[in-house]
2 protein chains.
Amino acid sequence: MLTERQRLILTAIVDDYISSAEPVGSRSISKRGDVAFSPATIRNEMADLEELGYLEQPHTSAGRIPSQKGYRYYVDHLVRLDDLSPEEVKRLKTMFAEKITAMEQVVQHTSTVLAQLTNYTSIALGPEMFNTSLRHFQLLPLSEDTAVAIIVTSTGHVENKTVPIPPGVSAAELEKVVNILNAKLTGIPLIQLRAQLYTEVGQELKKYVSHAQEMIAMIENVMSGEEVHREVYLSGTTNMLTQPEFKDVDRIKTIWDLLEETPTLIKVVGESPTGIQVRIGQENSHEAIANCSLITATYTYDGQTLGTIGLLGPTRMEYAKVMNLMNQVSGQMALFMKRWSR
Amino acid sequence: MLTERQRLILTAIVDDYISSAEPVGSRSISKRGDVAFSPATIRNEMADLEELGYLEQPHTSAGRIPSQKGYRYYVDHLVRLDDLSPEEVKRLKTMFAEKITAMEQVVQHTSTVLAQLTNYTSIALGPEMFNTSLRHFQLLPLSEDTAVAIIVTSTGHVENKTVPIPPGVSAAELEKVVNILNAKLTGIPLIQLRAQLYTEVGQELKKYVSHAQEMIAMIENVMSGEEVHREVYLSGTTNMLTQPEFKDVDRIKTIWDLLEETPTLIKVVGESPTGIQVRIGQENSHEAIANCSLITATYTYDGQTLGTIGLLGPTRMEYAKVMNLMNQVSGQMALFMKRWSR
DNA sequence: GTTAGCACTCGTTGAGGATGAGTGCTAACG
DNA sequence: CGTTAGCACTCATCCTCAACGAGTGCTAAC
């Protein structure tokens, strides 16, 4: 358990280091005003805090910087969530006031604004379709042997895929299939679609349609999960470059490689639990960002967690500001989704 | 007009510099074997070439590097297009042999492979829809007052947009509108769609549908050009970081900022003429890449130029290799498109 | 318990010198 | 007359070394 004074000093060090990116010395803290002790006293406390693992020293004659444990303590116990700046409030208000008609757009837009307001990199995962249900299915022949399949979800998301038509199937038959599928599957959660093909829907098809086996195979192809890609919106990727910790090209490269590798990125960001989550340094599941912090917020629709918006920055991140923003944005999005589902 | 020996020496310098990224000295050229003159002679020629503007000297006691004009001459007159390496051929072959069903996929995949084979950054502009025609139009109500509009083009591309339904319009009326539009507009080039709304189609709508005015406004909204976004596929963005000329973080930042600003990027890459085009350094229309070279190839469908694939690297680019690859890829894509349109 | 004083550490900065790659020029050569 | 050897000169790079100063830990006094 830390004493009150230790907490005060730790707060001061973290705050200082966050804004300066330089190791913090005892003298500069003493001069700040909010810690009214002499440098010597503060030095003693700092030595204790280092022994407890909250601080680190780059080298003997340098000041202290917060360790991962130090940041964690700061985030869990010390950070105070103050109000947003007028500019931020205004920005968010106008943003959510806009007449936005597609869920993807909200997510993307939010992510862009977050990146701009914070100067970090934002990573937004578009809505996970499998938690939504089927609104409409369509199969349009393009040529003799290919057709484009279109799936519209209850959230208004449109997914499409071009597929080969089984040889010998007529346009009329395709239409019949589409009608049956729409009649039977509308309202079914996407995640269950494939399974349904083998129960009554399959029976129905076999009864009324020729080439049923091939048709089912084709439709399964359309609905196969791995093919349904998930949108990832990156924003403010270059913001990283303004941070002094990323002056080094090699370090950037590993991070950027991660950002470019969508599937891994989805895993890293998407495994967040509902709500707001702060992952500091090595708490992250990928070592490319072992000296970064990732703050994520999930968004939900109709009670289902659909996606995640994350902000990636150095461990020396402006936690107070970002956590605040995330809180606000998260709330606004929830409202928006509710209003939108009406 | 350059003498044969000058051309020989310029070629040697460009080749050397491309592979080493270091200023090239007279001695190293003399030792190469293919230029059988003493360093002193070569020095004289180099001085001449510099005076003519083909070479530059970073400082007095350094070797020479090619100037923009030097690269241009190299690309126009000296580069020899040799065959692709077996690995490259194999890679391309297997790629185009794959059963790819959507045009977008070909483009994206090609771009990825190019980035991998060359170690540069590839920028691919997805098919420009406005040169294709309407295959199918659909309007699906999502709730009482919003609907999702879906446009399927002759190339199988699906575009969708969520729009508000004018108050007081019933589902039946929407369907009627959709039917009229499909009957009248199928096969019409997308670029003409909006204009058509004001000729016979508009008349028709006014005749058979109530709220025609509002409906037309809504449909125009759907078809408004600026909203139809164009896909941009980036690949190998981190490859840039392995080039010594981009060790500097600031330089990278300006380039990356450009890559993130999609509309500008589309302008920079998309203004290429049909065929293969090399733009060196300041020949580029954006100063962020004034020390980069951009090699672009367009792809066509049915005689229409649909999009562009570009490779971005330092001016010290492996022109021979890249131009070759682009040639091949371009040809393969043309074949593919032809086979695909069947 | 707090603080002033002081010796000590160690990264940073800048000056000076050696190194060497490469040049331009001149004179000699075939 | 084109080509080449020789040589003085330039200039970026690298290394060393000393001065500097920010910051520490420890001890003794308040």
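In what follows, chains are A, B, ... by sequence order, proteins preceding strands, each numbered from 1.
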Provide, to the nearest angstrom, the distance between the CD atom belonging to B:Q57 and the P atom belonging to C:dG22. 11 Å
Measure CG/B:L49 against C1'/C:dG24 and give the value in whole Å, please. 16 Å
Separation of D:dT24 P from A:E51 CD (nearest whole Å): 16 Å
What is the distance, to the nearest angstrom, from the CD1 atom on A:I13 to the P atom on D:dG23? 12 Å
Stepwise, does the side-chain hydrogen bond (donor to acceptor under 3.5 Å, both in side chains) test hold for B:S67 with B:R72? CA-CA 9 Å; B:S67 68; B:R72 173 48 66 195; over 6 Å; no
Pair B:T237, A:T237 - check side chain to side chain contact (heavy atoms under 4.5 Å, CB included), show working. CA-CA 11 Å; B:T237 40; A:T237 40; over 6 Å; no
Looking just at side-chain N and O atoms, do A:D257 and B:T238 make a donor-acceptor pair shorter than 3.5 Å? yes
What does nucleotides 1-17 of chain C look like as a protein-contact string, B for base, S for sugar-phosphate only, - for none, at under 4.0 angstrom between heavy atoms? -SBBB---BBS------
Assigned partner base of C:dG1, Watson-Crick or wobble definition, under 3.5 Å: D:dC30
Mate of D:dC7 where both pairing distances stay under 3.5 Å, Watson-Crick or G-U: C:dG24
Spacing between B:L55 atom CG and C:dG22 atom C1', to the nearest angstrom: 14 Å
Which pairs, protein N/O on one side and nucleotides 15-20 of chain D N/O on the other, fall under 3.5 Å?
none

Applying side-chain hydrogen bond (donor to acceptor under 3.5 Å, both in side chains) to B:T118 and B:E318, what does each step give before you reach the verdict? CA-CA 8 Å; B:T118 59; B:E318 294 181 86; over 6 Å; no
Mate of C:dT19 across any strand shown (Watson-Crick or G-U wobble, both atom pairs under 3.5 Å) is D:dA12
What pairs with B:S38 under side chain to side chain contact (heavy atoms under 4.5 Å, CB included), at least two apart in sequence or on another chain? B:A40, B:T41
Classify the ring geometry between B:Y54 and B:Y73 as parallel (under 30°), tilted (30 to 60°) or perpendicular (over 60°). perpendicular
Between the side chains of B:E271 and B:S285, does any donor sit under 3.5 Å from an acceptor? yes
Just by distance, with hydrogens left out, do A:R64 and A:S26 show a side-chain donor and acceptor under 3.5 Å apart? no
Whole-Å distance separating the NZ atom of A:K31 from the C1' atom of D:dG23: 13 Å
Show your reasoning for whether side-chain hydrogen bond (donor to acceptor under 3.5 Å, both in side chains) applies to A:S293 and A:Y319. CA-CA 9 Å; A:S293 282; A:Y319 294 100; 2.7 Å; yes
With a 4.0 Å limit, can you tell me whether B:R27 has a side-chain N or O closer than that to the phosphate oxygens OP1/OP2 of C:dT23? no
May I have the distance from A:R64 (atom CZ) to D:dA22 (atom P), rounded to whole angstrom? 18 Å
Let me know the distance between CD of B:E22 and C1' of D:dT13, rounded to the nearest Å. 12 Å
